[in-house]
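Accompanying notes for the structure given below.
Counting starts at 1 for both ligands and their atoms, following the listed order. Throughout, residue positions are numbered sequentially from 1 according to the sequence presented.
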Amino acid sequence: MADGLAVRTTTVVIGAGHGGLAMSRCLSERAIDHVVLERSEVANSWRTERWDSLRLLTPNWQCRLPGYEYAGADPDGFMTMPEVVEFISGYAKHIAAPVQTGTTVTCVSRTDDGYRVATDNGEWQCETVVLASGAFNLPAIPAFASAVPTSVATITPNEYRNPDSLPDGGVLVVGASATGVQIAHELQRAGRQVTLSVGEHVRGPRVYRGRDIQWWMEASGVLGERYDEVDDIARARGVPSMQLAGTPERATFDLNALTALGVTLVGRFAGIRDGRAQFSGSLRNKCELADLKLGRLLNLIDEWATESGLDDETPPPHRFEPTVVPAPSILGLDLTNGSIGSILWATGFRPDYSWLDVDVLDGKGFVRHDGGGVDSPGMYIIGMPFLRRRKSSFIDGAREDAEDLAAELATYVDRRRSRGD
Ligand SMILES: Cc1cc2nc3c(=O)[nH]c(=O)nc-3n(C[C@H](O)[C@H](O)[C@H](O)COP(=O)(O)OP(=O)(O)OC[C@H]3O[C@@H](n4cnc5c(N)ncnc54)[C@H](O)[C@@H]3O)c2cc1C
């Protein structure tokens, strides 16, 4: 590429994870000229930002992308990280995606006729842009983390690889969603004394009435619920991930399972004063709420099973033991006496748009969009939680989202061209 000359294309897709690749496939089907720019390699997040023992929490049969799906011998199993990388890399080859790897987008800005995409490896001018750079690029850590005494190591899930990543001593894992419960489980089993700080969480059994919970949620329509069907989409987009893990034993990773292993539960980490961690007294309420919501989900599943005539072929409905909450509650923990050697912040993730020079971010740093159509003409986003459907941030969610968004993008391009813009 000649210096200073921007390459012209209809669409630039930023990011070659499964989201960007699914978009690429749908754009190719519509003969829309495009390039996928990737700062590293295809499936970079799975190669570099996950811990060693992680497996998908979604079953293999749920690994479906436009024109491609899991075809192995273990549809009910859960992929390891190398298997996910192979699956996504295989997809890129299968669809002959026009990916340019080793190309970091450094700035996206508006021009008179679309967008200018600057990178460390050339520049593009395009009519439309697809942000597929991921929802979970950076750890979301509370501001009071800076008050952690220097004698205590801190680490984020993106940095954590295995129990050896942490110095000796007890570990305070903060956050009890999928990431927090999985890492707490691994550390406790490795002989660490784990304290798990629990705020709002979503409880889920791995298996219910003989079938995987993901099967029930998909079949009953929960995962396919659309963004314009829920009462409060902003709230729905912020709901934490379900406490699930994909293990060969199909184990349930709820708080009772962790307590049985020896993990100590405390409430939400509220702050640090004089080197002392302070925990909210709301643990019981949070657990009761999670139990209640699990009950509602199972009611919905049971009703659907009855309506669908499945009651004769599946075991009968049942309910799980309520979450056992320690009494009395532990409201504080001395971080200076050596009992806690490290803190792992499993407090969520956020996207990184430090390179986006278009006024589309809300006050919290998230892109303003309506079902993936960004608040800037010709810009689209994929891979965000509940983008168009509850399953949008899952691999499986990209299938329908990419098809919908590619159709919207194509309409936008056609209209623009028919107006002679
Ligand atoms: C810990 C964890 C576990 C998960 N488990 C599951 C699971 O079990 N099942 C499931 O279905 N989903 C799971 N997900 C959710 C989801 O599938 C992943 O987050 C997935 O990686 C999202 O795909 P994506 O294509 O939207 O983004 P990513 O895979 O993050 O891809 C974005 C790509 O954009 C590139 N990029 C970013 N910025 C730039 C830039 N400026 N220039 C160029 N390239 C850039 C990145 O290098 C990356 O390759 C999990 C997520 C996390 C964090």
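- Close approach of ligand 1 to Ser133 (heavy-atom distance below 4.0 Å) involves ligand atoms 32 (C), 34 (O), 37 (C), 38 (N).
- Side-chain atoms of Asn299 and Arg319 include a donor-acceptor pair closer than 3.5 Å.
- Between Arg161 and Thr48 the shortest heavy-atom distance is NH2-O, 2.6 Å.
- In terms of polar-atom proximity, defined here as any N/O pair under 3.5 Å, Asn44 does make such a contact with ligand 1.
- If you look at Phe78 next to ligand 1, there are no close heavy atoms at all, none under 4.0 Å.
- Only the backbone of Thr103 comes within 4.0 Å of ligand 1, judged by heavy-atom distances.
- Heavy-atom distances between Ala132 and ligand 1 reach below 4.0 Å in at least one pair.
- Listed by atom number, the atoms of ligand 1 under 4.0 Å from Gly134 heavy atoms are 27 (O), 30 (O), 32 (C).
- Of all atoms in ligand 1, listed by their number and element, those nearer than 4.0 Å to a heavy atom of Thr104 are 42 (N).
- Heavy-atom contacts of Ser45 reach the following atoms of ligand 1: 28 (P), 29 (O), 30 (O), 31 (O), 48 (C) (cutoff under 4.0 Å).
- The shortest contact between atom 8 (O) of ligand 1 and any protein heavy atom is with Leu57 N, 2.6 Å.
- Within ligand 1, the atoms closer than 4.0 Å to a non-hydrogen atom of Leu37 are 43 (C), 44 (N), numbered from 1 in the order shown.
- For ligand 1, the atoms closer than 4.0 angstrom to any heavy atom of Trp51 are 1 (C).
- With no hydrogens or angles considered, no side-chain donor-acceptor pair links Arg237 and Ser392 at under 3.5 Å.
- Using a 30° and 60° split on the angle between ring planes, Phe279 and Phe269 fall in the tilted class, from 30° to 60°.
- For the 3.5 Å distance criterion, the side chains of Ser376 and Tyr115 qualify, holding a donor opposite an acceptor.
- Ion pairing between Glu218 and Arg399 fails under the 4.0 Å rule for side-chain N and carboxylate O.
- Closest protein heavy atom to atom 12 (N) of ligand 1: Phe394 CD2, 3.6 Å.
- For Asp302 and Tyr208, the side-chain atoms include at least one donor-acceptor pair closer than 3.5 Å.
- Of the polar atoms of His18, at least one N or O is found under 3.5 Å from an N or O of ligand 1, judged by distance alone.
- Remark: ligand 1 and Arg55 share no N or O pair separated by less than 3.5 Å (distance only, no angle test).
- Here the shortest heavy-atom distance to atom 53 (C) of ligand 1, taken over Arg50, Arg39, Glu49, belongs to Arg50.
- Listed by number with element, the atoms of ligand 1 under 4.0 angstrom from any heavy atom of Gly383 are 26 (O).
- Not a single heavy atom of Val42 sits less than 4.0 Å from an atom of ligand 1.
- Residue-ligand proximity, Gly17 to ligand 1, at heavy-atom distances under 4.0 Å covers atoms 25 (O), 29 (O), 31 (O), 33 (C).
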